[in-house]
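Remarks on the structure that follows.
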There are 2 protein chains.
Amino acid sequence: MSDLLERLRGRGWRMTAQRRVVAEVLDGDHIHLTADEVHARAVAKLPEISRATVYNTLGEMVSLGEVLEVSTDRRAKRYDPNAHRPHHHLVCARCGAIRDVHPVGDPLTDLPDSERFGFTISDVEVTYRGTCPTCASA
Amino acid sequence: MSDLLERLRGRGWRMTAQRRVVAEVLDGDHIHLTADEVHARAVAKLPEISRATVYNTLGEMVSLGEVLEVSTDRRAKRYDPNAHRPHHHLVCARCGAIRDVHPVGDPLTDLPDSERFGFTISDVEVTYRGTCPTCASA
DNA sequence: GCTTGACTTAGACAAAGTCTATTGTAGGAT
DNA sequence: ATCCTACAATAGACTTTGTCTAAGTCAAGC
């Protein structure tokens with residue numbers, strides 16, 4: 001069963017067929033779908049679900065902190081259900097494949113006070129770019 | 001005089017009023033304008049300049065490596081003329097203010113082989129998020 | 001001062017996302 | 001079990017950001 005769905009249920013989230021389908025579609029590892037991809041897969045399970053609902057539902061999941069928004073390319077946002085283990089992303093510049101990665105150390109400590117401009121820093125986002133093995137050998 | 005403009009001229013770039021204006025608008029430190037902001041400022045200096053030209057010109061500057069594209073929020077791309085000193089970005093989550101920052105160390109070395117999935121990594125992009133002093137005191 | 005190919009233009013088009021007014025329904029109250 | 005009501009879903013118009021095209025303009029070399 002869906003971990004994501006369990007977590008959402010546990011928060012008193014009003015459950016509907018649409019929300020269940022969106023949660024099911026998103027569940028898994030190394031999942032980074034765009035809103036439109038989520039919609040396409042949701043429609044396969046529940047043909048009458050609307051685009052607006054998918055956007056709303058994704059937005060709520062992000063607000064609840066159960067799903068992360070990532071924008072690895074400069075086009076559509078992607079949604080990542082792996083919100084409970086902090087991680088960064090590795091993206092293939094050719095084909096767009098995305099992997100979750102866990103660098104050692106904390107990039108926060110690499111930013112000296114003199115480079116903080118008085119900001120209170122709460123979060124760091126790191127995107128590695130390169131070429132995946134498949135594209136490299138092609 | 002504009003450094004950016006000098007560099008472009010030195011590459012045999014055909015100079016036109018439109019290109020000059022775009023280069024002038026972009027010149028400076030901690031400049032991170034969206035294409036539309038560039039257009040708005042360009043129009044102030046050269047009323048008949050078109051949106052398409054601004055997009056074209058920005059795209060060419062990026063191809064020439066004289067300007068960087070950054071997407072710190074998930075909306076419009078921003079253009080950064082500071083292309084010759086590698087740097088990352090610090091963004092205020094409230095007001096969107098952006099600073100160029102120079103962390104110590106190289107985040108590339110923080111990613112162990114076991115987390116590279118066979119990729120050849122060519123680039124890292126780091127975005128720090130937080131609250132700027134102005135927003136913190138408001 | 002011509003000529004020519006590169007540059008610019010206006011506006012149509014496209015993709016991604018937001019908003020609104022209306023209709024539907026989950027889940028508590030009875 | 002049924003009713004109510006606030007919350008959720010819907011269709012589709014709208015907005016924002018960016019791309020494309022066909023036709024007109026102009027910088028720079030001759």
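Treat the numbers as computed from the prediction; the structure is a model and nothing was measured. In what follows, every chain begins at residue 1, and chains take the letters A, B, ... in the order their sequences are listed.
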> Does OP1 or OP2 of C/dT9 have a side-chain N or O of B/Thr53 closer than 4.0 Å?
Replying inline: yes
> Where each residue is assigned the nucleotide of DNA chain D containing its nearest heavy atom, which of B/Tyr79 and A/Val54 is assigned the position nearer the 5′ end?
Replying inline: A/Val54
>> Tell me whether the side-chain N/O atoms of B/Gln18 come closer than 4.0 Å to OP1 or OP2 in D/dC26.
In response: no
> What pairs of residues pass the ring pair (Phe, Tyr, Trp, His ring centres under 6.0 Å) test when at least one of them lies in residues 55-86 of chain B, not counting sequence neighbours?
Replying inline: none
> Is A/Tyr128 isolated, or which residues cluster with it under the ILVMFWY side-chain rule of less than 4.5 Å, directly or via members?
Replying inline: A/Leu90, A/Val101, A/Leu108, A/Leu111, A/Phe117, A/Phe119, A/Ile121, A/Val124, A/Val126, B/Leu90, B/Val101, B/Leu108, B/Leu111, B/Phe117, B/Phe119, B/Ile121, B/Val124, B/Val126, B/Tyr128
Atom pairs, N/O to N/O, protein against nucleotides 14-17 of chain D, distance under 3.5 Å?
residue, atom, partner, partner atom, Å
D/dT16, O3', B/Arg75, NH2, 3.2
D/dT17, OP1, B/Arg75, NH2, 3.3

> Can A/Arg19 and A/Glu60 be counted as an ion pair, charged N to O under 4.0 angstrom?
Replying inline: yes
>> How would you summarise protein contacts on nucleotides 19-30 of chain C per nucleotide, using B for base, S for sugar-phosphate only and - for none, with heavy-atom distances below 4.0 Å?
In response: B----BBBS---
> How far does the helix from C/dG1-D/dC30 to C/dT30-D/dA1 bend, going by the axes of its first and last five pairs, to the nearest 10°?
Replying inline: 30°
Please list, one pair per line, the donor and acceptor atoms closer than 3.5 Å that link side chains of residues 130-138 of chain B to other protein atoms, with sequence neighbours excluded.
residue, atom, partner, partner atom, Å
B/Ser137, OG, B/Pro133, O, 3.3
B/Ser137, OG, B/Thr134, O, 3.1

> Under 4.0 Å between a Lys/Arg side-chain N and an Asp/Glu carboxylate O for B/Arg11 and B/Glu66?
Replying inline: yes
> Can a salt bridge be assigned to the pair B/Glu24 and B/Lys45 using a cut-off of 4.0 Å between side-chain N and carboxylate O?
Replying inline: yes
